[in-house]
Number of protein chains: 4
Amino acid sequence: MTSGRVRRFDPERRDRIIDSCLRVIAEQGVAGASHRTIAAAADVPLGSMTYHFSGMDELLHEAFERFTTSVSDRFEERMAQAGSADEAREAVVRTILDAADPRETVLSHELYTLAAREPSFRDLTHGWMARSRRGLERHFDPETARLLDALIEGLQIHRALDTQERDPSDARIAVARLTHAATGPTPAAG
Amino acid sequence: MTSGRVRRFDPERRDRIIDSCLRVIAEQGVAGASHRTIAAAADVPLGSMTYHFSGMDELLHEAFERFTTSVSDRFEERMAQAGSADEAREAVVRTILDAADPRETVLSHELYTLAAREPSFRDLTHGWMARSRRGLERHFDPETARLLDALIEGLQIHRALDTQERDPSDARIAVARLTHAATGPTPAAG
Amino acid sequence: MTSGRVRRFDPERRDRIIDSCLRVIAEQGVAGASHRTIAAAADVPLGSMTYHFSGMDELLHEAFERFTTSVSDRFEERMAQAGSADEAREAVVRTILDAADPRETVLSHELYTLAAREPSFRDLTHGWMARSRRGLERHFDPETARLLDALIEGLQIHRALDTQERDPSDARIAVARLTHAATGPTPAAG
Amino acid sequence: MTSGRVRRFDPERRDRIIDSCLRVIAEQGVAGASHRTIAAAADVPLGSMTYHFSGMDELLHEAFERFTTSVSDRFEERMAQAGSADEAREAVVRTILDAADPRETVLSHELYTLAAREPSFRDLTHGWMARSRRGLERHFDPETARLLDALIEGLQIHRALDTQERDPSDARIAVARLTHAATGPTPAAG
DNA sequence: AATGAATGAGGATTCATTCAT
DNA sequence: CATGAATGAATCCTCATTCAT
């Protein structure tokens, strides 16, 4: 008889909690990510939270680790599929423009905010950046890879946090300037 | 007679609360900025908080408005003092490298995180970016100004959130590439 | 109209909480004295507890301070009313025998246990003992006062923690021996 | 094959749990002695606790039984080794003064507190006192033995819970007065 | 025989907000 | 005008115990 009401064994529960944690953060921010809200989102009893995770910090760390890994995976794959420098440039541009997904924007900023204050989260941001650079270095020299990586970051943020629409060509021009020197006349203002 | 309790008239109290709010956010994040902690930091009675501000949102908005205004002021002044495109480039480079102040890093990210989720804070980020661009447009064409602004953002973030030291020359090279096209051989990897 | 359901002003509430705290400790021990149980006993909302006391420690300290003060008051009065050394001896004997009140036994031990581990409670036990000695010194020299005080303690404990009834004359004999040397033949066993 | 998990047979585990229980109580009190903390201290799985003991009460009882037995053993031995009434007096004095071991002080009080409220622990305190008296009765008459036992208790407590140092001669004088009546002039205060 | 997984109840504490003064 | 007192909801976390394995 498997009657009763509880599931005593649920091996994927830990996983589900991590996913729910990311979902809650995306929707309500780290501030709204409490044991309660996450437990409810994961359809798991409250006591389950501290059983599986030593505390909110461990949970947050694992959640953001999953997030950065998945974003990095996707970016690396994109870079791997580019067959030439030109295709790589186009992939970078697309990465910048695709960032419209508000979920990722929000999660990124939440992580940055955490990392800005708590060094323990900086291993995640560091690892993330390292993998991005490694992907870029398939097609560009290390110096350029670092600059491109920072540019992607800055353009994504400004696209996300500006109330005004941005012209998509910005990204293309910026990538061009950073990757091959000469594109035309000196752009200093008259 | 000045007997009884003290300080029934304190015209700068509102101001002090806003400053304390920023101080608390810099130290403990928006998450740690409660009426209680801010009131304590400002040495102001708890009941005073809801008297002067309709709620945390109003207070946060005013606090971040003060923050972005002060950062923008400083940047605009820097740009105004640059007498040539070269001096402007150097001012941009210094702006990127000076961002070591953890207080500003933290406050920026806290604001971005807020703005990423709540549109009501996006007027602040939009205004901030607009003023930055206006400053840059004293020396560069609008297109370049936009790109420089994003680059500043990206490099600052990566410098702050990487565990590894960054070479300061990165900033100089990036600014050079974005502002005058040709600086040398094509940097695509071999 | 004083309708509604809440009492917004209740100046004796702090006092009532302290009393309820002692009551709960007497009934269930320090282990059972939680914010919840005490709040319920005092008919006070839970949030009221940490409003009036910084935490359980402060509350416990104040509660036991009240307890020791009241016990000391009573003992001092008894000593003050004794008109002669003989009456003082009798008062001491009665103090030992009266300790049957389980409430006081329990509270004393709870305090001792606390003080045994946390020095911050030792000021209470020290003050208690000091006042007891001061009372005894009205009638006995300091040396004898110290010994009597310890004897009271020991006899009370053994009376309380033995499952076997004790002969009340024990107390009388012990007090006699400690206070005037000669009462008969040497009591060493054959 | 000793593969798989380890230590499915561990006959001393029950013993180790009891010892760990005492250690935890000495360090954190009965309040801090939970199944979890004790299991961790004994390096034993949590589920093992309720397997070996029906509940905390059984465990506490066995732990304190071990404690009182060991203290009683030592005291009895001391008394057995005393060859004369004078040596016995000295042994009693030393027992009082040696009680500086904070571990024993703490454990004694924890037990007293338990016994003060729950009669089920009073068999332990009763047995302890009975054995103490039996030891003393090797050298003193039953009456004196009871008084000495109580005096030991009282002086130990006051030495442990006073913030002021005690003069060791107190113990010697008290024992003298209780055991042979006349030691000098009447100690009543002038 | 032994235990890892699980959980509901309860632990202290913090919070934004209300309201009588 | 300004605030100290008050509170219910929510915070994270620990707990003894149960039970399928």
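Both backbone and side-chain heavy atoms feed into the values below; hydrogens, waters and symmetry mates do not. Numbered from 1 within each chain, the chains take letters A, B, ... in sequence-line order.
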Inset, instruction - Provide, to the nearest angstrom, the distance between the CD1 atom belonging to B:Ile38 and the C1' atom belonging to E:dA16. - result: 12 Å
Legend entry - Under-4.0 Å salt bridge between D:Glu110 and C:Arg117: yes
Legend entry - Distance-only polar pair, side chains of B:Ser108 and B:Thr105, donor-acceptor under 3.5 Å: no
Inset, instruction - For this output row, return yes or no: ring centroids of A:Phe64 and A:Trp128 closer than 6.0 angstrom. - result: no
Legend entry - Reading 5' to 3' through nucleotides 10-15 of chain E, protein heavy-atom contacts under 4.0 Å coded B for base, S for sugar-phosphate only, - for none: SBSBBB
Inset, instruction - Run through A:Leu60, A:Ile18, A:Leu124 and flag the one making a side chain to side chain contact (heavy atoms under 4.5 Å, CB included) with A:Glu65. - result: A:Leu124
Legend entry - B:His52 side-chain N/O to F:dC1 phosphate OP1/OP2 under 4.0 Å: no
Inset, instruction - Examine the side chains of A:Ser20 and A:Arg23 and answer whether a donor and an acceptor come within less than 3.5 Å of each other. - result: yes
Inset, instruction - Quickly work out the D:Glu58 CD to F:dA16 P distance and round it to whole Å. - result: 15 Å
Inset, instruction - Can you label the angle between the C:Phe121 ring and the C:His61 ring as parallel, tilted or perpendicular, going by 30° and 60°? - result: tilted
Legend entry - Separation of atom CG in B:Leu59 from atom P in E:dA16, rounded to whole Å: 10 Å
Legend entry - 5'-to-3' dot-bracket of DNA chain F (Watson-Crick, G-U; under 3.5 angstrom; crossing pairs as [ ]; | other strand): .||||||||||||||||||||
Legend entry - Presence of salt bridge, A:Arg14 and A:Glu62, under 4.0 angstrom: yes
Inset, instruction - Kindly indicate whether the side chain of D:Arg66, heavy atoms from C-beta on, has any atom under 4.5 Å from the side chain of D:Ser70. - result: no
Inset, instruction - Report the distance from atom CZ of C:Phe53 to atom P of F:dA6, rounded to the nearest whole Å. - result: 11 Å
Legend entry - Any B:Arg13 side-chain nitrogen or oxygen under 4.0 Å from OP1 or OP2 of F:dT3: yes
